[in-house]
Amino acid sequence: MSAGADSIYLDHAATAPLAPGVADVMQRVLVDTPANPASAHGPGRAAATEVDTAAQALGGLINAPPGSLVWTSGATESINLALKGGAEFAGCGAHIVSVATEHRATLDALAWLEKQGACITRLGVDGDGRIDMDALSDAVDADTTLVSVMHVNNETGVVQDIAAIGALCAERGVALHVDAAQSLGRLTIDVGAMNIALLSVSAHKIGGPKGVGALYVRQRPRVGLAPGIHGGGQQKGLRSGTLATHQIAGFGAAARHVVAHRDAEQQRLAALRERLWQRIGATDGALRNGASDSVAAPFLSVSVSGVHGDALLTGLTEGEPALAVASGAACSAAKGQSSYVLRAMGRSPREAGASIRFSLGAGNDADDVDRAAERFVAEVARLRALSPAA
Amino acid sequence: MNVLDDGHTARRWLPRFLSPRHAVVNYAIMRWQGIGDADTPGADAECRLHIACDGLCEQVPIAAAAFAAFGPPVVIACADWACEWLEQRTIGDAHGLSVAHFEQALALAPSERYAALLVLDALAGALENSRLDQDRPYLGS
């Protein structure tokens, strides 16, 4: 998608534009189905039907029964409910195993739980961003109450082997929570076959609206969760509050769109991603983060030497054409505030600081990719020419 | 200020970062009388300032000033602004350049003051260097 005459949108991992038809569905539900879906009367039942339809669509995308979904405000809330709700249900003996490269929603929730007395084990990753299954096996012990792993990393696109992790967790009798914010709609997810007990997703990553997400909660064997929000007892008491019917309907419409287009679209994006890397990979000092065969199709994370990360990101996002891209962190590398994900993969602080994430999506084509590559190469050259090291 | 921002300013200096006019790479001058370096490891930034002038006394005008810099965009912008300010001013004026001048011209946020200090450190080095090197004229276009 070109976000404007002089802008190219390459930040679909942050938010994808609305998928075709989603806005129409939301408008229709907002106007024509105004009642509270928890109400027992006819208009209320009509609103509840819209919620059920969305649940069937989303459930179909992850092979989950509709009654197993808890609607939330997004993946961050879902993750908080899964981790904090699970730990509270487990009591004072909670032990959670997770990974150092998780999203901040997970890391910060775990840090909070640690202060409350939970025991947290954080696994490292290898140079390609993958966790070591032997290390995971060693970390899971008889006291472990939950394993929490993200399916696709939000900075690098690195894919963890959730099927293998799920099998290990099932064998050891431990519940698995998966942060699927970046994998929903991009990879196949089957909560049953993958032995996933809890799964967090967001609508706006797949072309749905912002402000709505879901937490899949396995029913059999049942996963214990304490409520995240108390109130009217909606959603089996786990997350009280009136459901945002039009938001949920929009999520469902986006899920239906994904089901119809995912496989062909991900192949197309993978080809575009390789085209982009072919054009910028020849830049002296450019490094690709994550092996191409273990990175989700839309993602390309590149570190480059000899330029300052903040300068590179600003130059790309504010120059012409402007590239809507992201960095692991725009902070000073020397302050140790560069991407913790890339540093965990072995990049130096300065390399991790000068890193750009391209995430492609439905509106991008070869012309976008070629222009973006040309801009990237030119900006790196410009900044290097300004440097005292030139 | 945008409600989603945490101290992000208007970045009045942004055009200077995007299109600096005083990068040393763009100057054909073969011999600079004063070159000063400074760095700020905490911000992962470096600045090199070049000045060309004929003579040493306080009234001598600076014929040309240029920079090379590595660091956050505000560092490049401050270096570029300083060079523009210095050209055609005197050595005496240059000694009077302060952080306040940068703040006023570029609307620096408090968290960006370090960039002005970095450039001033580099300028001090360049002025000292030119004092030691003042007997050699510059060759410029």
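The sequence lines fix the lettering, A, B, ..., with proteins before strands; numbering per chain opens at 1. This is a predicted model, so every value here is computed, not measured. Computed over heavy atoms, backbone and side chain alike; hydrogens, waters and symmetry mates excluded.
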Under 4.5 Å, counting heavy-atom pairs only, tell me which of B:Ala23, B:Ser19, B:Gly71 racks up the most with chain A. B:Gly71

State whether A:Arg279 and A:Glu374 are salt-bridged, where the test is any N-O pair (Lys NZ or Arg NE/NH1/NH2 against Asp/Glu carboxylate O) under 4.0 Å. no

Once you measure the plane-to-plane angle for A:His308 and B:Phe70, does it fall in the parallel (<30°), tilted (30-60°) or perpendicular (>60°) bin? perpendicular

Parallel, tilted or perpendicular, judged at 30° and 60°: which one describes the rings of B:Trp81 and B:Trp85? tilted

Between B:Ile76 and chain A, which part of the residue has a heavy atom less than 4.5 Å away: side chain, backbone, both or neither? side chain

For residues 379-390 of chain A against chain B, heavy atoms under 4.5 Å, the residues are A:Glu379, A:Arg382, A:Leu383, A:Ala385, A:Leu386, A:Ser387, A:Pro388

Within the 3.5 Å criterion, strictly below it, is a donor on A:His204 or A:Thr15 matched to an acceptor on the partner's side chain? yes

Out of B:Leu86, B:Ile35, B:Asp37, B:Val24, which one pairs with B:Leu49 under the side chain to side chain contact (heavy atoms under 4.5 Å, CB included) rule? B:Leu86

Side-chain donor-acceptor pair under 3.5 Å between B:His50 and B:Tyr27, yes or no? no

On a heavy-atom basis, which atom in A:Val201 and which in A:Ser78 lie closest, and how many Å separate them? O-OG, 4.1 Å

